[in-house]
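Report on the structure given below.
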Amino acid sequence: MSNIKLGATLFCYGTEYARYQYDFEECVKQAAAAGAEGYEIVGTQMLPSYPNVSDEFLGLVQDLKNKYGIGPVGYGANNDKGMMHDRNLTDDEMLADTIIDLKAANKLGCKVMRSQYMLSPAAFERLAPYAELYDVKVGIEIHNPETPASPVMQEYLDVIKRTGSKYLGFVPDFGFLSVAPNKPQWMKAIQAGVKEEHLEMAAEMRRTSVPQEEAQRKLMEAGAHPAINGVLAGMYGFVQFKSRDALPGLLQELKDILPYSFEMHGKFHYLSEDCVEPSIPYKEILEMLTDTDFDGYLICEYEDELYCGGTEFTKRQLAMEKRLLGR
């Protein structure tokens, strides 16, 4: 049986934090109030001395752990190869940046660090001894539109198997399991004047793999409001969705890489008052995970497409996960 612990990334409160409505302490307080057993901190967002962790900030983290009962369990690294205006960073430079992130994660006491596939498989392989040195497991995030079976993720899997390192693995993001259009983008499009029939038309063309350029042309010919182009870009980009018929195969892909998964991210974009995510089938996902031997954190992650704040939605997400897990 699985041992799933429930956490939240403080990224859930990014809008309030960016608007100075919440400071770092309030983010931790809200995560604890929502029922999180631990939290992920994204270094670039909430470390005042990024990329380093100051002793002053570490003291604050410890004080808040004593006050609210939760501390950092995961570190979100930003592998940004576009830092130079005239070129991408080299593998050597990306590796060096990631080692600095490892040091930060270690100082905060995090045992897992989430990295993106901007860090190449070759650099990822070279990271193994450093991850072992700092005792931090590094997971490449599997984020929509990629799935575990995507060619690039299979390259990382080859590295993990070849090195045999227990410190290299994955952090699957549930967004890749989407089986319906993104609800917030849909709502924003309607508010902008897009007709429901044109959104349905766009969704059906995406579902049947009509090329994006052709879909855009047909929508314009049908008289769709230009605001639909943003939704269409999402459907073919970072909020893709598959047919529900594809769900068993996607769940099997997730199950296949669980032995190499250090934590998972419970991505959600919207939750109704009865705690249902319209595009990501949480019932089926959690039912499958319950019968595995996964031992780690499920970190809920709200992406604030509607800019309405993650406080209430994060509470709903954790409540929904607890209900589905029978807690």
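- For Tyr236, the ring pair (Phe, Tyr, Trp, His ring centres under 6.0 Å) test picks out no residue, with sequence neighbours left out.
- Residues forming a side chain to side chain donor-acceptor pair (under 3.5 Å) with Asn106 (at least two apart in sequence, or on another chain): none.
- Within the structure, the salt bridge (Lys or Arg N to Asp or Glu O under 4.0 Å) test picks out the following pairs touching residues 240-266 (sequence neighbours left out): Arg244-Glu284.
- A salt bridge links Lys283 and Glu287; the closest N-O separation between the charged side-chain nitrogens and carboxylate oxygens is under 4.0 Å.
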Report task. Apply side-chain contact (heavy atoms from CB on, under 4.5 Å) to the pair Thr147 and Leu250, showing each step before the final yes or no. Result -> CA-CA 8 Å; Thr147 78; Leu250 292 170; 4.1 Å; yes
Query raised in the report: Would Asp291 and Ser2 satisfy side chain to side chain donor-acceptor pair (under 3.5 Å), going step by step from the backbone distance to the final call?
Result: CA-CA 6 Å; Asp291 292 329; Ser2 62; over 6 Å; no
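- With sequence neighbours excluded, the residues that form a ring pair (Phe, Tyr, Trp, His ring centres under 6.0 Å) with Phe268 are Tyr302.
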Query - Audit row: Glu277, Ser279, side chain to side chain donor-acceptor pair (under 3.5 Å) steps and yes/no - result: CA-CA 6 Å; Glu277 216 299 345; Ser279 62; 3.0 Å; yes
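- Salt-bridge check for Glu221 with Lys218: failed, with every basic side-chain N at 4.0 Å or more from each acidic carboxylate O.
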Which pairs of donor and acceptor atoms, one on a side chain in residues 126-136, lie under 3.5 Å apart (sequence neighbours left out)?
from	atom 1	to	atom 2	distance (Å)
Arg126	NH1	Asp92	OD1	2.9
Arg126	NH2	Asp92	OD1	2.9
Glu132	OE2	Ser165	OG	3.0
Asp135	OD1	Tyr167	OH	2.8
Asp135	OD2	Lys111	NZ	2.7

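- Annotation for Glu16 and Cys12: closest pair OE1-O, 4.2 Å, computed over non-hydrogen atoms.
- Heavy-atom contacts from other residues, nucleotides or ligands closer than 6.0 Å to CG of Asp274 number more than 12.
- For Phe313 and Tyr270, the gap between ring centers is short of 6.0 Å.
- By the ring pair (Phe, Tyr, Trp, His ring centres under 6.0 Å) test, Phe174 is found to be paired with Tyr282, residues two or more places apart in sequence or in another chain being considered.
- Residue pairs satisfying the salt bridge (Lys or Arg N to Asp or Glu O under 4.0 Å) criterion with at least one member in residues 6-15, sequence neighbours excluded, are absent.
- In the hydrophobic clustering (ILVMFWY side chains linked at under 4.5 Å, chained through shared members), Val42 is joined by Phe11.
- Here the CG atom belonging to Leu10 is positioned 5.5 Å from the SG atom belonging to Cys27, to the nearest 0.5 angstrom.
- The main-chain N or O of Asp173 is never found under 3.5 Å from a side-chain atom of Glu141 such that the two would form a donor-acceptor pair.
- Counting heavy atoms from C-beta on, the side chains of Arg114 and Gln116 come closer than 4.5 Å.
- Asp97 is linked by a side chain to side chain donor-acceptor pair (under 3.5 Å) to nothing, counting only residues two or more places apart in sequence or in another chain.
- Residues that satisfy the ring pair (Phe, Tyr, Trp, His ring centres under 6.0 Å) test with Phe124, not counting sequence neighbours, are Tyr156.
- Every residue meeting the side chain to side chain contact (heavy atoms under 4.5 Å, CB included) condition with Ala233, not counting sequence neighbours, appears here in chain and number order: Gln212.
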Under 3.5 Å, which donor-acceptor pairs do the side chains of residues 318-327 form with other protein atoms, sequence neighbours left out?
from	atom 1	to	atom 2	distance (Å)
Glu321	OE2	Gln317	NE2	3.2
Arg327	NH1	Ile4	O	3.0
Arg327	NH2	Ile4	O	2.3

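- Judged by distance alone, with hydrogens and angles left aside, the side-chain atoms of Gln30 form no donor-acceptor pair with the main-chain N or O of Tyr13 at under 3.5 Å.
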**Report entry** side-chain contact (heavy atoms from CB on, under 4.5 Å) evaluation trace for Arg316 with Glu273
**Finding:** CA-CA 8 Å; Arg316 294 180 188 179; Glu273 291 186 6; 3.7 Å; yes
**Report entry** Trace of the side-chain contact (heavy atoms from CB on, under 4.5 Å) decision for Lys195 with His198
**Finding:** CA-CA 5 Å; Lys195 294 180 180 179; His198 291 141; 3.8 Å; yes
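- A salt bridge is defined here as a Lys NZ or Arg NE, NH1 or NH2 lying under 4.0 Å from an Asp or Glu carboxylate O, and Glu25 with Lys29 fails to meet this definition.
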